[in-house]
Amino acid sequence: MKLKKILLTTFSVVFLCGINEQTQAAKAYSTVSPIVNKIVNDRNDKFTLEWTYPEVIIPGNTAAEEKINAYFLNAYNKEEKEYLAKQGTDDITSISENYEVSVNTKKYLIIRITGMTYAYHAAHPLSWDYSIAFRVSDGKKLTWQDLISSQDKDKVSLAALNRRLAVHPLANSFFPVKNKMHPYAGAYFVDKNQEFHFLYGQYEIGPYAIGFVDVPMGVKIK
């Protein structure tokens, strides 16, 4: 009975240590908090600018966090200025943007941005979805190429992308690839498993009705 109790105690300690290690691995490195803004259109209160962007705190690295925060603050200030300039005019539009954190490690901070704009009397809204990556050590904004290891470069080439587009479920009906080389997508995103995707926007390679075309490339960021 005593041996059984010791074995159970040992198993519990090992099990809890395993959980703790997983929790630590999943723990975010930087603190990311939302800054929420809303402006109501003065011609039609059903139309608004609703813009939420991240404010970042990086442990022991004020210079990097200021650089990242300035990027998002400047983007909002520009949007706010343009929206306020149209107040009182016939340009009545709703614009919204939000974010989620895809990767938050000591190496990378990758933010996925989603948004929508809808003009008064327009047939439908237009949306966007893309990722922005920063190097945490110095706050530098990175290109998607910076995220791919040298051994995976061939897997994200234009030819590799078109091979994946050719077998996409929507390809035959909406964006035939045969005898046509599609360009790189205008956006990318990195999912929470750190896997890399190209993302074609509305109208980019197909009709509005199919929405975004997600093309997983089968590689993880380096």
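- Between I39 and Q87, the closest side-chain pair of non-hydrogen atoms falls below 4.5 Å.
- Linking Ile, Leu, Val, Met, Phe, Trp and Tyr whenever their side-chain heavy atoms come within less than 4.5 Å puts I35 and Y83 in one cluster.
- Counting heavy atoms from C-beta on, the side chains of N61 and E65 never come closer than 4.5 Å.
- In this structure, the separation between OG on S131 and CG on L199 is 8.5 Å, given to the nearest 0.5 Å.
- Taking every heavy atom of both residues into account, A64 and S137 meet most closely at CB-O, 4.1 Å.
- The CG atom of D45 sits 10.5 Å away from atom CG of D42, with the distance rounded to the nearest 0.5 Å.
- Looking at I58 and V136, their side chains come closer than 4.5 Å, going by heavy atoms from C-beta outward.
- Counting non-hydrogen atoms of neighbouring residues, nucleotides and ligands closer than 6.0 angstrom, the CG atom of D154 reaches no more than 12 such neighbours.
- Around NZ of K140, the count of heavy atoms belonging to other residues, nucleotides or ligands within 6.0 Å does not exceed 12.
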Quick one: do D91 and T93 satisfy side-chain hydrogen bond (donor to acceptor under 3.5 Å, both in side chains)? Show the steps, please. CA-CA 6 Å; D91 190 346; T93 308; 3.0 Å; yes
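- Looking only at distances, a side-chain donor or acceptor of E204 sits under 3.5 Å from a matching main-chain atom of G186.
- With values rounded to the nearest 0.5 angstrom, N104 atom CG is found 5.5 Å from L109 atom CG.
- Shortest non-hydrogen contact noted between P54 and V32 is CB-CG1, 3.5 Å.
- Atoms NZ and CZ, on K155 and R163 in that order, are 11.5 Å from each other to the nearest 0.5 Å.
- Taking a cutoff of 4.0 Å between a charged side-chain nitrogen and a carboxylate oxygen, D129 and R112 qualify as a salt bridge.
- In this structure the side chain of K222 reaches within 4.5 angstrom of the side chain of K107, judged on heavy atoms.
- Note on L158 and I205: same hydrophobic cluster, where clusters join Ile, Leu, Val, Met, Phe, Trp and Tyr whose side-chain heavy atoms are under 4.5 Å apart, directly or indirectly.
- Heavy-atom neighbours of N74 CG from other residues, nucleotides or ligands within 6.0 Å: above the threshold of 12.
- In this structure, the separation between OG on S127 and CZ on F212 is 5.0 Å, given to the nearest 0.5 Å.
- Contact check for I132 versus Y99: no side-chain heavy atoms found under the 4.5 Å cut-off.
- Ring to ring, Y200 and Y188 are not that close: their centroids are 6.0 angstrom or more apart.
- For W144 and Y184, the gap between ring centers is short of 6.0 Å.
- Placement of V101 and I57 in two distinct hydrophobic clusters is found when ILVMFWY residues are connected by side-chain heavy-atom separations under 4.5 Å, directly or transitively.
- Remark: side-chain polar atoms of D146 are not paired, donor with acceptor, to backbone N or O of L142 under 3.5 angstrom.
- Within the 4.5 Å cutoff, the side chain of Y53 has no heavy atoms near those of the P34 side chain.
- Under a 3.5 Å cut-off, the side chain of N69 and the backbone N or O of V56 do form a donor-acceptor pair.
- The pair K86-E82 fails the salt-bridge criterion, with no side-chain N (NZ, NE, NH1 or NH2) lying under 4.0 Å from an Asp/Glu carboxylate O.
- Checked against the 6.0 Å centroid criterion, the rings of F198 and F196 qualify as a close aromatic pair.
- Other residues, nucleotides and ligands place no more than 12 heavy atoms under 6.0 Å from the CG atom of N172.
- Judged by distance alone, with hydrogens and angles left aside, the side-chain atoms of E80 form no donor-acceptor pair with the main-chain N or O of N77 at under 3.5 Å.
- Cluster annotation: Y29 is not connected to Y108 through the hydrophobic network of ILVMFWY side chains, with a link wherever side-chain heavy atoms come within less than 4.5 Å.
- The same ILVMFWY cluster, assembled from side-chain heavy atoms under 4.5 Å apart, contains both I113 and W51.
- Looking at H168, its side chain does come within 3.5 Å of a backbone N or O of D214 through a donor-acceptor pair.
- In this structure, Y203 and H124 approach most closely via the heavy-atom pair OH-NE2, 3.1 Å.
- Interatomic distance, CG of L161 versus CE of M181, reported as 9.0 Å (0.5 Å rounding).
- Panel note: side chain S173, backbone L170; no donor-acceptor pair is recorded below 3.5 Å.
- A ring-centre distance under 6.0 Å is not found for Y130 and F189.
- Within the 4.5 Å cutoff, no side-chain heavy atoms of N41 are placed close to those of T48.
- Proximity of E50 to N37: side-chain heavy atoms (C-beta onward) are nowhere separated by under 4.5 Å.
- The nearest pair of heavy atoms linking A171 to A166 is CB-O, 4.0 Å.
- Of the possible donor and acceptor atoms, none in the side chain of D191 sits under 3.5 Å from a partner among the backbone N and O of S102.
- Among E195, R164, H197, the single residue meeting the side-chain contact (heavy atoms from CB on, under 4.5 Å) criterion with M217 is R164.
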Show your working on ring pair (Phe, Tyr, Trp, His ring centres under 6.0 Å) between Y76 and Y71 and close with a plain yes or no. CA-CA 9 Å; Y76 171 70; Y71 176 89; over 10 Å; no
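- Around the NZ atom of K106, the shell of radius 6.0 Å holds no more than 12 heavy atoms that belong to other residues, nucleotides or ligands.
- Taking both residues in full, the closest heavy atoms of W128 and E97 are given as NE1-OE1, 2.7 Å, listed atom of the first, atom of the second, then distance.
- Between D90 and R43, at least one side-chain N (NZ, or NE/NH1/NH2) sits under 4.0 Å from a carboxylate O, which counts as a salt bridge.
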